[in-house]
Amino acid sequence: MRALCWTGVNDVKVEKVPDPGLLNRQDAIVKVTASSVCGSDLHLLDGYVPAMAAGDVLGHEFIGEVVEVGPDVSRRRVGERVVVCSIIGCGRCRYCRQGTWSLCDNTNPNPAFLETAIGHAGAGIFGYSHAMGGFAGSHAEYVRVPYADHNAFPVPENVSDEDAVFASDAVPTGWMGADIANVGPGDVVAVWGCGGVGQMAMKAAYLMGAERVIAIDRFPERLSMAREKAGAEILDYEKTDVLDALKEMTGGRGPDVCIEAVGMESHGKGPQYAYDRAKQGLRLQTDRGLTLRQAIMACRKGGVVSVLGVYLGWVDKFPMGAVVNKSLTLRSGQQHGQRYIPRLLELMSQGRLEARHLLTHPMSLDDAPKGYDLFKNKKKGCVRAVFYPFNGHKSAAA
Amino acid sequence: MGAKVKLAVAAVAVGGVAAAVRRRRVAKTREWVVMTVLREPRELTGDARPDALARLAEHHEVRVTAAPGGRGSEIAVRPATGQARESLRAVKQLLETGEVLRVEGQTEGRRTAVGRAVLPAAKRLARRSA
Ligand SMILES: NC(=O)c1ccc[n+]([C@@H]2O[C@H](COP(=O)([O-])OP(=O)(O)OC[C@H]3O[C@@H](n4cnc5c(N)ncnc54)[C@H](O)[C@@H]3O)[C@@H](O)[C@H]2O)c1
Ligand SMILES: [Zn+2]
Ligand SMILES: [Zn+2]
């Protein structure tokens, strides 16, 4: 079959690879209908995630059709249309049972990478380096799904592929950002980053009762999407001082909840950004912390900072003083998708939640390298490029 | 990008884990490998002891105690070798999920010569050390 492989830093290629087979009795093989790029892939492309090797298949946000099930799969059936959570859970360890699926004890067969780097290993993730288990990703015609009963969810008939594909990752991640911050009626919520994840966090915040949502980014097309599709007020951080603006907009209090949906490759202006870039370039810090610092500084006293953006190592100049003296609560995590996906599909089916506008660039799998170029460099208004391995989608890049 | 860089990237992974393992050896203070399994101690001892645990006990000292607050059982194995760690993890997976998850034999694209050489070693280290 064809699959998109990582071949080196900022280098990906479509290669011919062997078809996947069942490796465990609880596996399923899913024929991929659509597979999306995600901001998390950029950390792999840019070489910030170690433990990648040439030949690794990328992709973790996808839907498809079950074409084969192992003998111990009981809930999923051949022929079902499913969305698969990007992060793999076993469903039966203490963490999965508690709903903290991305902390699963049993789905990362290569735990030492993370145990060494951060103390403990989290769950395996499709197409996300050997440190996250070394699972082949979904930018391929077929993908093997471990513990299929727990990780693949049937999609209601009236939900389109274009909505459902994002129920794998962007939607549950955004939802979790608001959920772990306990967003509720009357809250003012600020969201850094208007990518798929940030936009879904905005929608979730409103659905949980937030009164106002403020979106921060610099790309006009993303900001206007946040305004039109998520109903957010918008701030362009290149044109406004974000901290000043947020204070003004909130009567001097600051937002009740600050959701960071940018991550370790945040972009910015001024000496702090130059400092971060230089240090990261020299590997003196692994992660740029600009938006994280800003979210902490902006947050109201006693508020919650919810970090969805991926950080993998250390951040310099972390404003611990603000955390302590403003009694802030810091929440974070890789997404616990399995906990939210059934409910999110239901909301989609009822027409209360929509994600398909994120899909700006449908493409054939053969055009995936071009798709990553568009997405990484935010060219042509690309918010998410989605690859269709089986129908020759005319490249939207043309 | 040049072939050299690609090889370097693959090598970094192994280097990192190997270095960690070396550090661990130098400062070796741990005698036991201990993991918590979501099973009652009575399900793991006496007549109820699962085969996988019995096999582990053939070459290792194995201790089972209740974890606090109904968090299952703490299984401790001595000596704390890489093999013990890998085996105990497999026992835990088997007891909690009914199988040991495999990644060997997965789909992959073209590996570089260095990738082919170092990946299996890196994975072995990644399974065993901590
Ligand atoms: N926690 C999880 O489980 C999980 C899941 C998916 C993605 N993520 C992470 O979430 C983050 C966002 O993902 P995405 O797919 O939306 O990515 P994306 O690249 O589409 O969006 C990131 C956005 O952040 C904006 N940005 C950059 N610097 C900024 C700044 N200083 N202030 C405000 N905005 C800024 C960019 O312009 C861009 O629009 C990434 O770090 C990704 O790794 C986490
Ligand atoms: Zn993702
Ligand atoms: Zn689990």
Side-chain angles (χ1 to χ4, degrees), chain A residues 1 3-11 13 15-21 23-27 47 50-57 72 88 90-94 96-97 105-117 120-121 124 129-131 133-136 140 142-144 146-147, chain B residues 1-17 19-21 23-24 35-38 67 70-72 82 85-86 89-90 92-112 114-116 118-119 122-130:
Chain A
M1 66 169 184
L4 183 77
C5 296
W6 189 89
T7 45
V9 174
N10 284 318
D11 195 15
K13 281 191 187 69
E15 294 185 11
K16 267 212 116 56
V17 306
D19 284 355
L23 293 175
N24 281 96
R25 297 172 62 89
Q26 300 175 49
D27 285 358
M52 286 296 291
D56 289 347
V57 181
D72 292 346
I88 305 164
C90 79
R92 285 148 291 180
C93 71
R94 184 175 156 81
C96 288
R97 282 173 194 264
D105 263 347
N106 293 318
T107 54
N108 187 341
N110 303 322
F113 287 105
L114 290 174
E115 287 177 347
T116 305
H120 299 87
S129 91
H130 296 276
F135 293 94
Y142 298 90
V143 61
R144 166 221 182 192
Y147 298 126
Chain B
M1 93 181 290
K4 261 193 224 137
V5 183
K6 289 181 203 171
L7 304 187
V9 172
V12 163
V14 189
V17 175
V21 172
R23 268 202 303 283
R24 193 56 86 187
M35 285 177 206
T36 303
V37 179
L38 205 50
R71 285 166 171 76
R85 193 175 299 280
E86 186 177 347
R89 211 184 304 275
K92 171 178 161 72
Q93 272 189 42
L94 204 59
L95 289 173
E96 291 188 340
T97 77
E99 63 182 6
V100 181
L101 199 53
R102 286 183 50 189
V103 273
E104 273 69 34
Q106 281 227 116
T107 302
E108 55 183 37
R110 217 160 34 82
R111 299 293 190 200
T112 58
V114 169
R116 269 198 304 279
V118 300
L119 260 182
K123 286 189 191 169
R124 201 155 48 242
L125 278 171
R127 270 202 312 270
R128 295 191 162 193
S129 83

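Throughout, a chain's letter reflects where its sequence line sits, starting with A, and its residues are numbered from 1.
Interface residue B/Glu104: only backbone heavy atoms are found under 4.5 Å from chain A. Proximity to chain B is limited to the side chain of A/Glu15, based on heavy atoms less than 4.5 angstrom apart. Using a 4.5 Å cut-off between heavy atoms, A/Arg144 touches chain B through its side chain atoms alone. With a 4.5 angstrom heavy-atom cutoff, B/Val100 touches chain A only via backbone atoms.
Here the rule is salt bridge (Lys or Arg N to Asp or Glu O under 4.0 Å) with B/Glu86, and of B/Arg124, B/Lys123, B/Lys92, B/Arg128 only B/Arg128 fits it. Among the candidates B/Glu96, B/Gln93, B/Arg89, the single residue satisfying the side chain to side chain donor-acceptor pair (under 3.5 Å) test with A/Asn106 is B/Glu96.
Comparing B/Arg110, B/Met35, B/Gln106 by how many heavy-atom pairs each has under 4.5 Å with chain A, the most go to B/Gln106. Ranking A/Pro111, A/Gly133, A/Ala131, A/Ala136 against chain B, the residue ahead of the rest is A/Pro111, based on heavy-atom pairs under 4.5 Å. Ranked by non-hydrogen atom pairs under 4.5 Å with chain B, the options A/Cys90, A/Gly124, A/Cys93 are led by A/Cys93. With chain A as the partner, the residue from B/Thr97, B/Val37, B/Leu38 showing the most heavy-atom pairs under 4.5 Å is B/Thr97. Among A/Val57, A/Asp56, A/Asp27, the residue with the largest count of heavy-atom pairs under 4.5 Å with chain B is A/Asp56.
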For this session: For side chain to side chain contact (heavy atoms under 4.5 Å, CB included), just list the numbers for A/Met52 and A/Ser129, CA-CA rounded to whole Å, side-chain angles, deciding distance to a tenth of an Å, and then say yes or no.
Result: CA-CA 5 Å; A/Met52 286 296 291; A/Ser129 91; 3.4 Å; yes
For this session: Could you give me the CA-CA distance, side-chain angles and deciding distance for A/Val17 and B/Glu108, then say whether side chain to side chain contact (heavy atoms under 4.5 Å, CB included) is met?
Result: CA-CA 6 Å; A/Val17 306; B/Glu108 55 183 37; over 6 Å; no
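Considering all non-hydrogen atoms of both residues, B/Leu101 and A/Thr107 come closest at CD2-CA, 3.7 Å.
Once rounded to the nearest 0.5 Å, the distance linking CG of A/Leu114 with NE2 of A/His120 reads 11.5 Å.
Ion pair B/Arg85/A/Glu115 not flagged as a salt bridge, since none of the NZ, NE, NH1 or NH2 atoms sits closer than 4.0 Å to an Asp/Glu carboxylate oxygen.
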